[in-house]
Amino acid sequence: MTLRQIALGCTLALGAVSSPAWAVSPAACAGSAFDIDIYLTGASAPQNSLGGIAAEIFAAGFTVVFDNGTSGSKGASYRAYCGTLNNTVGATLAGKKVRLLNRARGGSVWGVNPVARDQAIATLGFDPATCAASAIAGVNFECPEVGDDFNPNVANRKPDFGVSDVEPAMFKAPYNVEFGQTQLTAAELTKFSGTIKPGYQVIFGPALTNNVGLADLSRSQVIALLTGQYQTWDQAGSALTGPVTVCRRVQGSGTQASFNQYFGNFPCAVGDIAQSGNLPPTRMADSAGYDGAHAGTPGDPILVDPSAGPTTVENPASGDVRTCLISAQNGIDYTFKGDDGRTYKIEFSNAGGPYGAIGVLSLDSKGASGFGVSPTGQWQFARLNGIDPTVQTNAQTGLYDFVLENTFQRKNDKTYPSGLYVPFINLFIAKAESQAILAAIANVNVRQSLLAVPNIAGNPTPIVGTNITSKWTRNQNSCSPAQLAF
């Protein structure tokens, strides 16, 4: 059995995989017996593909840990991979014991600001006493979040490197900076000088609950829906007459920044302020049924009633957007912890539902079976201006261009625990850049959600139907139009 056959998102249970080198227990990811113990923070859009890359470099039988869902959907906020590196990684790293922890909670800005500032933030706990076996296929254990993003805490941890759906300079106020974060200064941005590396192209698309009954949206319709200009679904041409629910991401999300750039021209318009023509996205507090007269605790969550009118839900991770869409479609209440640390309850079970909802997601959300997010009978990606985002060649040739290029970055003056950390980071980024590695990801939905960037990492000349190298690039400038590379 190859490593790729046990990549995240596969349908095999771990019980069918060859026995791991370490005992399969929470202790496999606990303690400090690692040659490399590395914390990758940031974007949630490529969460599944990052897991696929991890599967390419670990020896068979590595342990997979998800967060237990106390901060949102299980596995949406944190995922960890613990094991031994295989012999494809070079002599320096082969055989090294590694714990690779990936935080997606809050999104891309958490792979930018805390990395530049060397800021200790919340993380995943690996205490065997607080972890439990997982029923999710391909996942060994579920553990809780520990620490506090907003206050000093002994459990907090500093990121070692970050990933972002868009380059660090895109995280500008007021729309692309999350609660508890501020825009990086020019001096702070220099902490990334020489370390920002391209990863791969991420394909995004508008996602609609199936009860909306629309298969195609124009760009102007998406703008109207996500900025509150359309308040009921019939205004967008749907037979559904109820209020619009927007299942969007938080302000610091790269997915949200991608929407802000592509549909709202922020921060690419002159002036970088709302008055310059940028279209502001709606916020959760803008919701007609927002009831802030609650403590925001698990026992007394802030309530949002979608039956009262247009509703916006700001989700901490892409997995939570999927849960939001599914909950709206099925009329099931949805509770989660927001980027401000408060608990929210979206009352989709209220009279008037089920509710029609729209979100923006990366294409690796398509059919991510095993994590409770399959769109079958729940939601689907809509065509945009008649072009199907789920057909990878549409993006490869530039026919579909709601595609952004992610970046990896590390603080250029950070001191690491050993000389193995930078080689591991460089290895992981090199794998993420490589068309050969990306094309080998086992999960077909993940593989078809991305493209290799041309003219880097020895990627071949793009040939439609033969490889997944893009024919065009934005050259790490999200405000740049797509430019043909071949």
Side-chain angles (χ1 to χ4, degrees), residues 38-46 50 102-121 149-150 156-202 249-262 264-274 276 278 339 404-416 421-422 425-426 428-429 432-433 453 456 473-481 483:
I38 204 154
Y39 193 17
L40 167 61
T41 60
S44 68
L50 293 176
N102 175 215
R103 167 180 165 149
R105 176 166 169 73
S108 290
V109 76
W110 293 90
V112 175
N113 287 22
V115 176
R117 292 168 174 161
D118 217 21
Q119 172 190 354
I121 58 177
D149 283 335
F150 309 113
N156 285 0
R157 182 174 173 184
K158 295 179 180 180
D160 295 298
F161 71 125
V163 60
S164 169
D165 293 328
V166 293
E167 66 276 15
M170 288 291 286
F171 291 97
K172 294 184 177 180
Y175 306 139
N176 289 350
V177 178
E178 192 173 348
F179 181 90
Q181 293 286 342
T182 57
Q183 181 178 315
L184 292 180
T185 65
E188 287 173 325
L189 280 170
T190 65
K191 298 298 182 181
F192 293 137
S193 296
T195 71
I196 300 175
K197 304 295 182 183
Y200 46 90
Q201 294 182 350
V202 180
R249 290 294 313 287
V250 292
Q251 297 290 92
S253 154
T255 299
Q256 187 61 35
S258 300
F259 156 73
N260 292 343
Q261 179 273 338
Y262 189 81
N265 204 29
F266 178 86
C268 302
V270 175
D272 293 349
I273 54 175
S276 68
N278 299 293
D339 64 333
L404 279 295
E405 295 175 350
N406 64 20
T407 64
F408 292 86
Q409 50 275 328
R410 61 180 176 86
K411 188 170 181 279
N412 52 25
D413 59 356
K414 183 176 177 67
T415 300
Y416 291 97
Y421 280 64
V422 172
I425 292 170
N426 290 339
F428 195 88
I429 295 172
E433 293 176 337
V453 176
I456 66 168
T473 178
R474 296 185 191 274
N475 292 312
Q476 297 181 63
N477 181 355
S478 298
C479 293
S480 171
Q483 303 170 52

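No hydrogens, no waters, no symmetry mates; every other heavy atom, side chains included, goes into these values.
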Would you mind reporting whether [Y] and [X] have side-chain heavy atoms less than 4.5 Å apart?
X    : Y    : answer
P46  : Y200 : yes
L404 : Q201 : no
D160 : L40  : no
Y39  : I121 : yes
M170 : S108 : no
I38  : F428 : no
L50  : V163 : yes
F171 : S164 : yes

Can you find a side-chain donor-acceptor pair between [X] and [Y] that sits under 3.5 Å?
X    : Y    : answer
N265 : Q261 : no
T182 : R117 : yes
S480 : Q483 : yes

Discussion item. Exactly one of Q183, E188, E178, Q181 should register a side chain to side chain donor-acceptor pair (under 3.5 Å) with N113. Which one does?
Written reply: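 Testing each of Q183, E188, E178, Q181 against N113, the sole residue satisfying side chain to side chain donor-acceptor pair (under 3.5 Å) is Q181.
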Worksheet entry | ring-ring contact (aromatic ring centres under 6.0 Å, His included) against Y262, all qualifying residues, sequence neighbours excluded | F402
To check you understand the geometry: which heavy-atom pair defines the closest contact between [X] and [Y], and what is its length?
X    : Y    : answer
F266 : A173 : CZ-O, 3.3 Å
A120 : N156 : O-ND2, 3.5 Å
T473 : V453 : OG1-CG1, 4.1 Å
Q409 : G111 : NE2-O, 3.0 Å
R474 : E405 : N-OE2, 2.9 Å
P198 : I456 : CG-CD1, 3.9 Å

Please check this pair: side chain of [X] against backbone of [Y], looking for a donor-acceptor N/O pair closer than 3.5 Å.
X    : Y    : answer
D165 : T255 : yes
S253 : R249 : no
N475 : N477 : no

Worksheet entry | Candidate pair N406 and E167, rule side-chain contact (heavy atoms from CB on, under 4.5 Å), full reasoning | CA-CA 7 Å; N406 64 20; E167 66 276 15; over 6 Å; no
Discussion item. On the six-membered ring of W110, is R105 placed so that its NZ or CZ lies under 6.0 angstrom from the centre and within 45° of the ring axis?
Written reply: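 No; the conditions do not both hold, so R105 does not lie above the ring face of W110.
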Practice prompt. Kindly compute the distance separating SG (C268) from CG (N260), expressed to the nearest 0.5 Å.
Written response: 10.0 Å
Worksheet item: In terms of heavy-atom contacts, does NZ of K158 have more than 12 from other residues, nucleotides or ligands at under 6.0 Å?
Response: no
Discussion item. Show, in sequence, the C-alpha distance, side-chain angles and deciding distance for K197 and T407, and conclude whether the side-chain contact (heavy atoms from CB on, under 4.5 Å) test is met.
Written reply: CA-CA 6 Å; K197 304 295 182 183; T407 64; over 6 Å; no
Discussion item. For a side-chain contact (heavy atoms from CB on, under 4.5 Å) check, start with the C-alpha distance between I425 and F408, then their side-chain angles and the critical distance, and finish with the verdict.
Written reply: CA-CA 9 Å; I425 292 170; F408 292 86; over 6 Å; no
Worksheet item: Going by an N to O cut-off under 4.0 Å, is there a salt bridge joining D118 and K414?
Response: yes
Practice prompt. Using the side-chain contact (heavy atoms from CB on, under 4.5 Å) rule, take D413 and K191 through it: C-alpha gap first, then chi angles, then the decisive distance, then the call.
Written response: CA-CA 7 Å; D413 59 356; K191 298 298 182 181; 3.1 Å; yes
